[in-house]
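All values reported here derive from a predicted model rather than from experimental measurement.
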Amino acid sequence: MKNYSADHPGSYSCQAWSSLWGPNLVHVLACSALVLVFIMAAMTSTMVQASDPDQLQDFCVADLSPTNPVIVNGFPCKPSANVTSKDFLFTGLSTPATVPTTGIKATATFATVFEYPALNTLGISHARLDFGPGGVIPPHTHPLASETLYVLEGTIYTGFVSYEGVLYAETLKVGDLYVFPKGTIHFQINVGTTHAASLNALTSQDPGLLFVANHLLASNIPDAVLETSLGINATALKYLQAS
């Protein structure tokens with residue numbers, strides 16, 4: 001069998017270069033560079049995206065009509081002829097939301113693609129959090145997005161748990177900004193004596209929202225699994241599930 005590299009001196013083969021130049025410094029450097037190129041190419045081919053894919057056009061206002069027969073990863077676009085400047089305006093985060101006086105004493109107002117169709121394909125969304133004194137947004141995660149929190153009003157204690165189980169948390173005041181890496185469990189609590197609020201930005205048009213307690217206790221996971229995992233007995237588990 002013929003050796004392609006030997007028959008074609010122009011091919012990128014260390015063996016071919018060795019036969020042409022001999023085992024000198026130029027050969028060593030050239031082969032090292034060639035190996036480095038291959039390694040970088042392999043690394044690049046296995047990289048994953050950290051947020052929604054880049055859009056293929058400048059905008060794609062979502063057509064959320066339930067009668068639309070088109071199924072895609074995202075939403076089909078409203079025809080450009082039907083798009084107006086009003087499609088790009090969202091006023092739902094401009095005023096405080098009503099906060100319950102019992103329970104978690106906090107409210108989240110969302111601006112995802114479902115409430116704000118102009119976000120379709122753009123890889124961003126927002127939320128506003130409003131808290132009464134002592135209000136809590138329970139531990140939760142956004143499986144599809146990283147998130148930042150900007151304090152608009154009041155004093156908020158917030159943080160996230162890393163994959164190594166380390167809690168990173170700070171008490172934030174007006175103007176402070178905090179970030180929650182994608183997929184990490186995080187929470188917020190109003191530690192002040194007055195109303196508190198934040199504006200949050202997320203790196204997905206639909207970041208997902210999984211409350212830790214709800215998804216454990218209100219799911220169909222067998223009781224035996226939960227009892228062993230949480231280190232509690234059946235009575236305690238039933239109490240938690242009922243709450």
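Linking Ile, Leu, Val, Met, Phe, Trp and Tyr whenever their side-chain heavy atoms come within less than 4.5 Å leaves Ile104 and Leu209 in two separate clusters. Both Leu240 and Ile185 belong to a single network of hydrophobic side chains, linked directly or stepwise wherever heavy atoms of I, L, V, M, F, W or Y lie under 4.5 Å apart. Residues Leu210 and Leu129 are members of separate hydrophobic clusters, defined by side-chain heavy-atom contacts under 4.5 angstrom among Ile, Leu, Val, Met, Phe, Trp and Tyr. When hydrophobic clusters are built by joining Ile, Leu, Val, Met, Phe, Trp and Tyr residues whose side-chain heavy atoms come closer than 4.5 Å, directly or via intermediates, Tyr157 is grouped together with Val161. In the hydrophobic cluster analysis, where Ile, Leu, Val, Met, Phe, Trp and Tyr join through side-chain heavy atoms closer than 4.5 angstrom, Leu122 is grouped together with Leu93.
Each of Val174, Leu149, Leu177 was scored for a side-chain contact (heavy atoms from CB on, under 4.5 Å) with Ser198, with one residue passing: Leu149.
Residues Ala111 and Ser125 approach most closely at O-CB, 3.3 Å, considering heavy atoms. Counting all heavy atoms, side chain and backbone alike, Thr107 lies closest to Ala97 at CG2-CB, 3.8 Å. Between Ser146 and Pro181, the closest heavy-atom pair is OG-C, 3.9 Å.
Aromatic pair Phe75/Phe114: centroids less than 6.0 angstrom apart. Within the 6.0 Å centre-distance limit, the rings of His186 and Phe180 are counted as a close aromatic pair.
Residues Gln188 and His140 form a side-chain contact, since some pair of their non-hydrogen atoms from C-beta on lies under 4.5 Å apart. Looking only at side-chain heavy atoms (C-beta outward), Ile189 and Ile156 stay at 4.5 Å or farther from each other. With a 4.5 Å cut-off on side-chain heavy atoms, Glu170 and Thr158 do not count as touching. Side-chain contact between Thr203 and Lys182: absent, with no pair of heavy atoms (C-beta onward) separated by less than 4.5 Å. Side-chain contact between Val212 and Pro138 is absent, with no heavy-atom pair separated by less than 4.5 Å. Between Ile124 and Leu202 the shortest side-chain heavy-atom distance does not fall below 4.5 Å.
With sequence neighbours excluded, the residues that form a salt bridge (charged side-chain N to carboxylate O under 4.0 Å, His left out) with Asp87 are Lys78.
Asn190 places a side-chain N or O within donor-acceptor distance of the main-chain N or O of Gly132, the cut-off being under 3.5 Å. The backbone N or O of Pro76 sits nowhere less than 3.5 Å from a side-chain atom of Asp63 that would complete a donor-acceptor pair.
The environment of OH in Tyr239 is sparse: at most 12 heavy-atom neighbours from other residues, nucleotides or ligands sit within 6.0 Å.
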field: Derivation and outcome, side-chain contact (heavy atoms from CB on, under 4.5 Å), residues Cys60 and Thr121
entry: CA-CA 7 Å; Cys60 174; Thr121 76; 3.9 Å; yes
query: Going through the distances and angles, do Val61 and Phe88 end up as a side-chain contact (heavy atoms from CB on, under 4.5 Å)?
result: CA-CA 8 Å; Val61 177; Phe88 302 101; 4.1 Å; yes
Worked check of side-chain contact (heavy atoms from CB on, under 4.5 Å) between Leu152 and Arg128: CA-CA 9 Å; Leu152 298 171; Arg128 174 181 174 132; 4.3 Å; yes
task: Dump the intermediate steps for side-chain contact (heavy atoms from CB on, under 4.5 Å) on Ile137 and Phe131, then the final yes or no.
output: CA-CA 8 Å; Ile137 299 294; Phe131 306 80; 3.6 Å; yes
With a 3.5 Å cut-off and sequence neighbours excluded, list the donor-acceptor pairs that the side chains of residues 219-231 form with protein atoms.
unit_1: Ser219; atom_1: OG; unit_2: His215; atom_2: O; d: 3.1
unit_1: Ser219; atom_1: OG; unit_2: Leu216; atom_2: O; d: 3.1
unit_1: Ser219; atom_1: OG; unit_2: Ile221; atom_2: N; d: 3.4
unit_1: Asp223; atom_1: OD1; unit_2: Gln241; atom_2: NE2; d: 3.3
unit_1: Asp223; atom_1: OD2; unit_2: Lys238; atom_2: NZ; d: 2.9
unit_1: Thr228; atom_1: OG1; unit_2: Ala224; atom_2: O; d: 3.0
unit_1: Ser229; atom_1: OG; unit_2: Val225; atom_2: O; d: 2.7

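Side-chain N/O atoms of His195 and Asp130 include a donor and acceptor closer than 3.5 Å.
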